[in-house]
S.K.: 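I'd like to ask some things about the structure below.
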Amino acid sequence: MFEHEKTLIQKEFDQFAADRHLQQALLGWRGLPFSGEWGLALPFFPVAAADPRKSLPVPLHAQNLAEAFAGSLSQIPGISRVQAVKGYVNLYFSTPYFAKQLVEEVRRQGNRFGYNQPAGKPVMVEYSNPNTHKPLHVGHLRNMILGGAVCNLLEASGRNVIRANYIGDIGLHVIKWMCNYETYHQGEEPSADKMRWMSDIYTEADRRFSDEPGFEEKVRAYFSRWDAQDPDVIALWEKTRAWSMEGMMQVYELMGYRFDRIYFESEVEDSGKDVVHHLISSGLAQDGRPENPVIINLDELLGTKEEYRVVVILRSDGSSLYATKEIPLAVMKFEEYGLAESIYVIDVRQSLHMKQMAKVLELMGYPWASQIHHLAYEIVNLPGNVTMSSRDGTVVLLDDLVREATERALSVVREKNPTLPQESMLSIAREVALGAIKYPMISRENTKIVTFDWQTALDFEGQSAPYIQYAAVRAKSILRKAAGIEIKDPHYDYLLSTPEVNLIEKISKLPDEIQRAAKELKPSLIAVYAYELARIFNDFYNQCKVLGEEPKIQNARLALVDAARIALEEVLVILGIKAPQLM
RNA sequence: GCCUUCGUAGCUCAAUGGACAGAGCAGUAGCCUUCUAAGCUAUUGGUUGCGCGUUCGAGUCGCGCCGAAGGCACCA
């Protein structure tokens, strides 16, 4: 917004600078730090510092220049007042003019306000990446929520996004599960909650594996049958994998995430081995079998020292590894979709691995290798920086967390809206609970460890999703009560109160926030913005009466409430959090 | 040993290189005949781990320490 005004002022500045033989530095636009008035600020320090003829200290010179520029600035439509303060030129907007323009713009564009039309070659975001046959815990949650939000954010910023999921459907964990099933649960069928049923069998298998004498040997024997392609084992794998996928889809449905393309580890295993042979014959890889594995010594190839290290791409027994499959997977992604960019949402512990993969692909001659980006995020720990461990039983399962939070939310809903039908209560409780769970996972910077504790997770007050949801609900509530009243052409030429100006200003920042957050792949910026927007709306709500005000003000405030509602709903959508109708 | 990330109020976290470092939680004192109190108001709380640099200006950039976490050949 305000591009036109900025251009006009920039032109005047260029002239001002030319007249005084100043270095024509581009102006750096900033927001005004003061509340209650809306405008832009221009720091004059860079200009003053670059002036070779300055005789005063920079801050004083900056103030002098700012005063001179403020005095020389001609009348610009939409700017009501110009002031030089502490080395800044502060431009105050003509609030009636811009408020009207903004509110109308937001209401015209609705939930697309601040969005750009998707254009260009697609970007793929791989996220979630669970294993079949295993439980989901809060560690998976951060990946899911972060990845989902990054997709929404990129879409909002004008990218075509392909949501991808890479699922670990083979490996020791699957064998353990099947061995336990065959031995102790032969013939059993999954319950309605497939995810939980699958998880329980896995947890039991894992316990037997470490505690039960002889079980590990059984699993080994079972693995041999898998390697030998025993038809019974394959059949069981296909059946149980399908159960697991159904359970997983139930979870995604509940949590509100979707995928355009699902890749399976089993799908790229064979092509991975082909790639290894190709790498050996092309001389990039060294085949040390049978004693040693197949490796790529990146540091040796690149002449670097302890930087890229060594990648093992095939075990000495010829079986495949994670790295074996990553290579054909990357190729498949780019070839299938002609991607402009491929983003991997994977935790920070795999940074070296991702760096190695991109380098191998570059050495193989793929021109798109430089368009592979690892979105690294830190893990979720318990208070005291304790890492969750299934062995210690400290892992917080997604299932338990959702159930507990929903119960807690339900009791609040019952208390506050006792007349609602049971189903509505449950659906509100679920939306609040999921929001509360998601918000802490997304409001921290990607590179910071999230500390999970039950108390904060189940706290629906203060800096939290329910706070933001509640602000949206309040806005909707006002609009619902005003259902009979038609919102007409709003005018903001009355004396606007501070909360109104703050709210208008905050809403106006949304398009820039979306662009910045998308560029930096940081949904946390939107999460923080969402909270601030909600806080400012609550301030408005408490101080500015809407319904029952004199008609002109009521009309203007109703339009503003509608714009705020749109902005709040929009940021919640980007964060992957639902906004209930009632709370 | 090499590399990466983090260190801000008692706790959990914010803060485009820019004006006085802000919120929430916890504590204390208040506000429901008023558009929903999952809310609001007031109040307490800081040598931004330490040092040196770059800059007109550093929580933010660079270097060096200290502390925490993670990664570095057949786990994913």
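Given the structure is predicted, the values throughout are model-derived calculations rather than measurements. Note on naming: letters A, B, ... go to the chains in the order of the sequence lines (proteins, then strands), and numbering restarts at 1 for each one.
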S.K.: In whole Å, what is the span from the CZ atom of A:Arg309 to the C1' atom of B:C72?
M.R.: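 Atom CZ in A:Arg309 sits about 4 Å away from atom C1' in B:C72.
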S.K.: Can you measure A:Gln356 atom CD to B:G71 atom P for me and round it to whole angstrom units?
M.R.: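 A:Gln356 atom CD is separated from B:G71 atom P by 14 Å.
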S.K.: Report yes if at least one side-chain N or O of A:Lys86 is closer than 4.0 Å to OP1 or OP2 of B:C20; otherwise report no.
M.R.: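 Result: yes.
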S.K.: Return the 5'-most residue of the pair A:Glu461, A:Val310 with respect to RNA chain B, ranking by each residue's nearest nucleotide.
M.R.: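 Result: A:Glu461.
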S.K.: For the side chain of A:Tyr531, counting heavy atoms from C-beta on, which of B:G24, B:A14, B:C74 is nearest?
M.R.: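 Of the candidates, B:G24 comes closest.
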S.K.: Could you provide the dot-bracket string of RNA chain B, using ( ) for intrastrand pairs, [ ] for crossing pairs and | for bases paired to another strand, with Watson-Crick or G-U pairs below 3.5 Å?
M.R.: (((((((..((((....[...)))).(((((.......))))).....(((((..]....))))))))))))....
S.K.: Picking from B:U16, B:U41, B:G39, which would you name as closest to the side chain of A:Tyr467?
M.R.: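 Nearest to the side chain of A:Tyr467 among the choices is B:G39.
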S.K.: Quick one: which of B:G1, B:G71, B:A69 gets closest to the side chain of A:Glu306?
M.R.: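 When the side chain of A:Glu306 is considered, B:G1 is the closest of B:G1, B:G71, B:A69.
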S.K.: Rounded to whole angstroms, how far apart are CG on A:Leu352 and P on B:C72?
M.R.: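 One finds 7 Å between P of B:C72 and CG of A:Leu352, rounded.
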S.K.: If you only use heavy atoms from C-beta on, which nucleotide in B:A23, B:A73, B:U12 is closest to the side chain of A:Ile295?
M.R.: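 The listed nucleotide nearest to A:Ile295's side chain is B:A73.
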S.K.: Think A:Arg315 has a side-chain N or O under 4.0 angstrom from the OP1 or OP2 of B:A76?
M.R.: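 Yes, within the criterion.
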S.K.: Please confirm whether any donor atom in the side chain of A:Asn538 sits under 3.5 Å from an acceptor in the base of B:A37, or the reverse.
M.R.: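 No pair found.
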